[in-house]
Structures are given as structure tokens and as C-alpha cells.
There are 2 protein chains.
Amino acid sequence: MSRNADGLSIGDVAKATGLGVHALRFFEREELFIRPIPRTAGGQRVYEPADVEWLLLCNRLRESGMPIATLKRFARLVRSGPGNEAERLALLEEHERTVQDRIADLTASLEIIHDKVVIYRKHVEEGTATGLWSPMPSA
Amino acid sequence: MSRNADGLSIGDVAKATGLGVHALRFFEREELFIRPIPRTAGGQRVYEPADVEWLLLCNRLRESGMPIATLKRFARLVRSGPGNEAERLALLEEHERTVQDRIADLTASLEIIHDKVVIYRKHVEEGTATGLWSPMPSA
DNA sequence: TTAAAATCTAGAGTGCAATCTAGGTCAAGC
DNA sequence: GCTTGACCTAGATTGCACTCTAGATTTTAA
């Protein structure tokens, strides 16, 4: 492949998305595509640019913590065509809230970690490690 | 237990930290404590408030994505007492950077997700789902 | 004193998300 | 035509971080 206009091999798609060929076959088994991927006469997968676009969105959703099961639900909605936009919206809104919460949690943890860093930095710079030994109050 | 001043049972610690008793035993096997946890004559673990404080910090580090292996390195440093503060600082600084990067990634993903949400919201509110069908350009 | 609740150990099992293996088949370039 | 690399399937394996099981012991409360 790699030579038809718009006909992409699994390797092409792997390169374009950063996913491995194993992952792409896994995604297909898990029904994470928005359409059945056609095959050549010899049985090899033929992707199109739209599949790559979809996978790039999947990457964003996965990276932001969406489980495969939820991605599967979303893919199923898109696959079944127009008419369920409200459901897609609800799913995306829920994920948006999840990501916002995750960012808030991380930000809170970051503050605590930064406080520790500041304390350690001070002690290390001063060479006065004494008084800073154990977990508390400033591990 | 639960009756000595400062003598906490594994159940007490589980309650105080949100970790399960299984997780606490797992942490101990993995050498994630900053000291050997002593036992009663009968062999039951006796924790102190400082252990709880340490575990609460562990929770923050874990929640913010620190792998067990790194937490183990940090615990080993603290366990071996004063003198390695520069190493502890380096470890914390590295984790701080990791968390900052993670927040940046999530924020970037959130923007993309939010764009999708806005698009879907518009279509759903208008009742005009037409033109919005497939992954691209606005799945 | 005795029943119930909590704890102990060693090791097995779970869930997620890949990732790899083995044993082939297909396709591209020389 | 043939070699080499890419691809195929089904299923096993991996890695992480718990989480649970079984069967025994200890502790607490009535």
C-alpha cells in the first residue's frame, strides 16, 4: 500500500498516529473505529485519512484519561450515524468535567509538592539539613 | 489496638488514609514506609501518627502519578536519614516537572474537548444535526 | 469465657491496556 | 521470479497496582 490515493496501510496509520500496529489491530477488535475497516483482496487493512483523524481524536481522549470502554461507547454513537448528537454531547460533557476535576486534583497535589520542594531547596542551599529528617512535618 | 495513645492498628490507619488494609500490607512488602513497622507480641502491626502523615503524602504523590518504584526510592532516601537531602530534592523537583507537564497536556486536551462540546451543543440546541455525522471535522 | 471481629501470611487473582509470539501470507522492488 | 519486508490471526504475556482468598491466630466486647 502507501501508493493509492487515500489508501493507507496499517503501517502508514501507525506512523501517522503514533499508535503501534498491534494497538491498531487491538482497537479494531475492540470496535473503536467509526466504520468497518475494509481489506484488500489479500486481507490487508485499507485505511483512509478520516480514520487517522478519528484516531488522533481518540489519542486526545485516551491521553486525557478516557477509558477504552467509554471511547467504545462514543465510537458506537458516531458509527450509528446522525440522530444521537445529544448523547454524544452528554458523553463529551461528562468527560470534560472529569478532565477539569483531574486538573484540579493535580494542581492541588502540585502545590503540596512544590511546598516540599521549596523547603528542601532552602535546606540544601543553606547546607543545614538538620531538623529535616523524617516524613513530618516536611518530608 | 485503637486504645493505646499513639498506637494505631492497621484498620485505624486504613480509615485515616483511605487506603485498604491490603494496600497497607502491600506497601510494607514493597518497602514504602520510612521505618520498619513494629508488631505486638501477637504479631499485629502498630502504627504511629507519623506513619499516617507519611501515607497521606504518599497518597498525594501517587495521585499525582508517581509510580511505586519512584515512591520506593523516595522512601528509601527518607528511611536512611539525614545527609541525602539533595537527592530527595532532585527527586521531588523531577516529579514536580512531570506533574506540570501532565497538567499542560490535560489542559491542551481539555481545549480540544471543549471545542467539540461547543460544536455539539450548538447543533443539539438548534436541532440541526445535519452536517455533523462522522469523525471529521468535528466528531 | 466465649463469640465475633480484626488481623496475620503467602500466594493467587483482577483489571486495564496494551504488546508480543508463532506460524504463516501478501506485496514491492530488483 | 524471488527475496525481503510488511502484514495476517489467535492467543499468550506483560506491567502496574492493587485486591482478594484461605486458613490460621489474635484481640475485643458482651
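Proteins get letters first, then strands, A, B, ... in listed order; numbering begins at 1 in each. The shown structure was predicted, so the numbers you read here are calculated from the model rather than taken from an experiment.
Atom pair B:Leu71:CG and D:dA17:P shows a separation of 9 Å (rounding to whole Å applied). The nearest whole Å value for the distance from the NZ atom in A:Lys72 to the C1' atom in C:dG15 is 14 Å. Atom CD1 in B:Ile68 sits roughly 11 Å away from atom P in D:dT19 (whole-Å rounding). Look at NE2 on B:His22: it is 11 Å from P on C:dT7, rounded to the nearest Å. Taking atom CD of residue B:Glu28 and atom C1' of nucleotide D:dC18, one finds them 16 Å apart after rounding to whole Å. Between A:Lys15 atom NZ and D:dC7 atom C1' there is a gap of 13 Å when expressed in whole angstrom units. Whole-Å rounding puts the A:Glu30 CD to C:dA18 P distance at 10 Å.
Between B:Ser9 and C:dT7, a side-chain N or O to OP1/OP2 separation shorter than 4.0 Å is present. For B:Arg29 and D:dT19, the shortest distance from a side-chain N or O to OP1 or OP2 is not below 4.0 Å.
Looking only at side-chain heavy atoms (C-beta outward), A:Phe26 and A:Arg29 come within less than 4.5 Å of each other.
Between the side chain of B:Asn59 and the main chain of B:Leu56, no donor-acceptor pair closer than 3.5 Å is present. Using modelled atom types, one side-chain atom of B:Arg79 and one backbone atom of B:Phe33 make a donor-acceptor pair closer than 3.5 Å.
Among the heavy atoms of the strands lying under 4.0 Å from A:Arg39 are primed sugar atoms or P, OP1, OP2 only; no base atom is included. Across all strands shown, B:Arg62 has heavy atoms under 4.0 Å from sugar-phosphate atoms exclusively, and none from any base.
Taking only side-chain atoms of A:Arg45, from C-beta outward, the nucleotide of D:dC7, C:dT19, D:dT9 with the closest atom is D:dT9.
Scanning residues 102-109 of chain B for heavy-atom distances under 4.0 Å to DNA chain D yields an empty list.
Proximity of the aromatic rings of A:Phe74 and A:Trp54 is defined here by a centroid distance below 6.0 angstrom, and this criterion is met.
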Dot-bracket notation for DNA chain D is requested: 5' to 3', Watson-Crick or G-U wobble pairs only, both distances under 3.5 Å, with ( ), [ ], | and . as defined.
||||||||||||||||||||||||||||||

